Amino acid sequence: MIAFLDYGAGNVRSVINGIESLGEKVKVVETAEDILSAERLVFPGVGAFGSMMQILNEKKYVEPLKSYLQSGRPFLGICLGLQALFEGSEEAPGVKGLGFIPGMVRRFDINLSVPHIGWNGLNFKQPSRIFTGVGGDEKFYFVHSYHVVPTDDGAVLTTTNYEGEFVSSIQIGNIIATQFHPEKSGSAGLQILKNFLDTSVEQVRPVRASKSTRLAKRIVACLDVRATDQGDLVVTKGDQYDVREKGAVRNLGKPVELARRYYQEGADEITFLNITGFRDFPLEDIPMLEVLRQTSENVFVPLTIGGGIRDYMDKKGREYRALEVASEYFRSGADKVSIGSDAVLIVEEYLQSGRKTGRSSIEEISRVYGNQAVVISIDPKRVYVQSADAVRHQVIETALPGPNGERYCWYQCTIKGGREGRDLDAITLAQVCEQLGAGEILLNCIDRDGTNLGFDLELVKAVSDGVSIPVIASSGAGNAEHFYQVFTGTEAESALAAGIFHRREVPIGDVKNYLKDKVEVRL
Ligand code: 1PR
């Protein structure tokens with residue numbers, strides 16, 4: 001039996017699913033005694049250092065945890081579960097960590113996008129039993145803005161390169177902790193979990209082919225989900241957001257099955273967009289929560305869910321915070337939530353008042369679960385103008401002239417699934433959302449959606465040059481070359497497709513094989 005410390009953090013369900021998929025049973029810690037009497041303890045954490053330590057103190061888990069660590073029994077910390085072992089963090093000045101390892105947690109101070117999100121490799125610094133069966137060139141999934149800095153290297157198990165070199169895991173006897181998420185790192189991650197669970201496996205030190213590690217460009221599979229007129233929840237796909245064919249909602253398959261297929265085909269992430277979420281009450285949208293729960297049982301790559309995340313009042317007049325909706329999605333297996341229409345309204349209000357309320361969905365969810373857990377889904381469309389100062393929005397000069405030869409355009413934001421245009425441009429939206437705490441931009445394009453004409457490179461370039469958080473290019477992918485163009489022509493860290501995957505026109509494997517000698521990808 002594995003003792004499992006769930007302090008109410010984000011997506012711990014996937015760690016439990018990972019352990020149970022390996023045939024082990026988990027007992028969730030409920031008392032300090034459960035920690036003290038544990039034989040093996042797993043401590044995963046997603047979110048913010050400050051709120052984690054606050055909860056551990058409130059639950060009086062700090063001293064039992066320190067005693068357990070001193071006992072030298074098997075311990076696996078994941079992400080914040082690693083950072084908690086240190087003395088403190090720049091993320092929460094003055095808040096004490098467990099202090100089991102001398103050193104601090106520091107924010108990345110680099111020119112690359114922060115958070116560090118995606119698949120990166122490991123430089124192996126000492127042998128460990130968690131590496132049995134690990135070849136050395138595998139990539140593992142990271143999602144964090146802070147990294148540990150031990151005062152001496154004795155505890156360092158692996159490092160990873162991201163501009164500089166940072167510590168990506170530690171080992172002191174049976175105490176092992178990783179910054180990366182084994183439960184979200186596909187079969188390589190499950191191997192690490194399996195090794196931790198089996199204390200009899202031997203210590204090995206894999207040898208890496210290349211000198212340093214590199215962050216891979218991510219290929220994301222997107223499932224636009226909605227109910228048919230008969231009420232069945234299906235994956236659909238729009239042509240410029242129009243999902244109807246001969247009046248009926250296009251039905252391209254069942255969400256859980258398609259997500260499983262894309263996992264097996266090598267998708268680096270899977271995104272579910274509940275495209276009629278703006279109409280529904282997400283917490284009453286049981287089918288969508290069920291899709292997430294079922295998917296996370298056997299899909300071990302990151303899951304993002306979007307659609308309808310906002311504060312709302314239900315039929316009985318009961319008020320719900322977006323944070324409650326997000327928490328339910330995280331507990332159901334999501335790693336990130338995507339906010340669409342609500343983000344546009346929040347930014348409009350911010351630009352009007354010029355001040356942060358601290359109560360917007362972006363601010364509240366990122367404060368509790370960390371920036372990296374909040375994605376902003378943008379649904380823009382091109383508006384051509386005669387000159388760069390024709391409108392008060394951020395305008396670009398375009399190489400694709402308008403219907404009347406216009407050489408300038410801006411990207412108008414929309415809400416409610418492209419149904420309502422707003423007086424706001426996509427670049428400004430992305431920049432303000434970053435200031436409010438968002439960790440990633442999902443940049444769709446209504447003009448290119450479902451066209452197979454390729455990504456709108458000018459849009460992706462304009463937005464990815466304008467923010468320092470990662471950008472996912474989306475809409476219009478028709479072949480593998482389009483991915484090459486967006487990864488070499490813009491700063492986008494990821495690229496998403498839907499139609500070509502649903503219609504089996506270009507399998508994910510073909511995209512990766514095409515890219516593999518050109519840009520860094522996870523194979
Ligand atoms: O506004 O917070 O309720 O969220 C609603 C979410 O649903 C938003 O993220 C919005 O992007 C999405 N959405 C709403 N309506 C539609 C629609 O299609 N009618 N789909 C929609 C957005 C865009 C991509 C699509 C790519 C790739 N779909 O996600 O998958 O364009 O497609 P392609 O590769 O086939 O070109 P809220």
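In this text, all values refer to a predicted model and were calculated from it rather than measured experimentally. Order of appearance sets the numbers: ligands from 1, and atoms from 1 within every ligand.
- For the pair Arg419 and ligand 1, the shortest N or O to N or O distance does not fall below 3.5 Å.
- Looking only at heavy atoms of the protein, atom 14 (C) of ligand 1 is closest to Gly417 CA, 3.4 Å.
- Taking distance alone, with nitrogen or oxygen atoms compared against 3.5 Å, Gly308 approaches ligand 1 more closely than that limit.
- Residue Gly306 places no heavy atom under 4.0 Å from ligand 1.
- Heavy atoms from other residues, nucleotides or ligands lying under 6.0 Å from CD of Glu505 number more than 12.
- Figure legend: Lys518 and Tyr514 shown as a cation-pi pair, the cationic atom lying under 6.0 angstrom from the six-membered ring centre and within 45 degrees of its axis.
- Centroid-to-centroid, the aromatic rings of Tyr484 and His482 stay 6.0 Å apart or farther.
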Glu420 vs Arg422, salt bridge (charged side-chain N to carboxylate O under 4.0 Å, His left out): CA-CA, chis, key distance, verdict: CA-CA 7 Å; Glu420 198 179 308; Arg422 304 294 289 197; 2.6 Å; yes
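- Not one N or O of Ala477 is nearer than 3.5 Å to an N or O of ligand 1, by distance alone.
- Using a non-hydrogen distance threshold of 4.0 Å, Cys222 registers as a contact of ligand 1.
- Regarding atom 32 (O) of ligand 1, its nearest protein heavy-atom neighbour is Lys237 CE, 3.1 Å.
- Side chains of Leu442 and Leu273 form a contact here, defined as non-hydrogen atoms less than 4.5 Å apart.
- Counted within 6.0 Å of CD on Glu397, heavy atoms from surrounding residues, nucleotides or ligands total more than 12; the atom is thus considered enclosed.
- A salt bridge is defined here as a Lys NZ or Arg NE, NH1 or NH2 lying under 4.0 Å from an Asp or Glu carboxylate O, and Glu297 with Arg293 fails to meet this definition.
- The pair Glu364-Arg321 meets the salt-bridge criterion, with a side-chain N (NZ, NE, NH1 or NH2) lying under 4.0 Å from an Asp/Glu carboxylate O.
- Contact annotation: for Ser341 versus ligand 1, heavy atoms closer than 4.0 Å belong to both the backbone and the side chain.
- The shortest contact between atom 2 (O) of ligand 1 and any protein heavy atom is with Gly340 N, 2.9 Å.
- Residue, atom and distance of the protein heavy atom nearest to atom 10 (C) of ligand 1 are Asp379 OD2, 3.2 Å.
- Closest protein heavy atom to atom 9 (O) of ligand 1: Ser377 OG, 2.6 Å.
- When hydrogens are left out, the protein atom nearest atom 26 (C) of ligand 1 is Ser474 OG, 3.2 Å; that is the closest non-hydrogen contact.
- Checked by distance only, ligand 1 and Asp224 come closer than 3.5 Å through their nitrogen or oxygen atoms.
- Annotation: Tyr241 places an N or O atom under 3.5 Å from an N or O atom of ligand 1; distance criterion only.
- At under 3.5 Å, not a single nitrogen or oxygen of Thr451, backbone or side chain, sits near a nitrogen or oxygen of ligand 1.
- For Phe108 and Phe166, the ring centers are positioned less than 6.0 Å apart.
- Contact annotation for Arg310 and ligand 1: no heavy atom of the residue comes within less than 4.0 Å of the ligand.
- If you look at Ala498 next to ligand 1, the close heavy atoms, those under 4.0 Å, come from the backbone and the side chain alike.
- For a threshold of 3.5 Å applied to N or O pairs, the pair formed by Asp449 and ligand 1 contains at least one separation below that value.
- For the residue pair Asp224 / Thr236, no side-chain donor-acceptor distance below 3.5 Å is found, with atom types taken as modelled.
- The closest approach between Gly418 and ligand 1 stays at or above 4.0 Å for every heavy atom of the residue.
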Between Ser341 and Arg310, does a side-chain contact (heavy atoms from CB on, under 4.5 Å) hold up when you go through it step by step? CA-CA 9 Å; Ser341 305; Arg310 64 195 191 286; over 6 Å; no
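- At a heavy-atom distance under 4.0 Å, atoms from both the backbone and the side chain of Ile275 approach ligand 1.
- Heavy-atom proximity to Ala497, at under 4.0 Å, picks out these atoms of ligand 1: 34 (O).
- Judged by a 6.0 Å distance limit and a 45° cone about the ring axis, Arg318 is positioned over the six-membered ring of Tyr320.
- Within 6.0 Å of atom CD in Glu491, 12 or fewer heavy atoms from other residues, nucleotides or ligands are found, so the atom counts as exposed in its surroundings.
- Residue Leu496 places a heavy atom less than 4.0 Å from ligand 1.
- Residue Gly476 has at least one N or O atom closer than 3.5 Å to an N or O atom of ligand 1.
- Put simply, the side chain of Asp335 gets close to the backbone of Leu303: a donor and an acceptor are under 3.5 Å apart.
- Note: Tyr141 and Phe180 fail the aromatic proximity criterion, with ring centroids not under 6.0 Å apart.
- Judged as a side-chain hydrogen bond (donor to acceptor under 3.5 Å, both in side chains), and not counting sequence neighbours, Ser21 has no contacts.
- Nearest protein heavy-atom neighbour of atom 5 (C) of ligand 1: Gly307 CA, 3.8 Å.
- Considering backbone and side-chain N/O of Gly450, one or more are found under 3.5 Å from N/O of ligand 1.
- For atom 35 (O) of ligand 1, the closest non-hydrogen atom on the protein side is Gly499 N, 2.9 Å.
- Near Ser475, meaning under 4.0 Å from one of its heavy atoms, ligand 1 places the atoms 26 (C), 27 (C), 31 (O), 36 (O).
- Counting atoms of ligand 1 from 1 in the listed order, those under 4.0 Å from a heavy atom of Asn444 are 11 (O), 23 (C), 24 (C), 29 (O).
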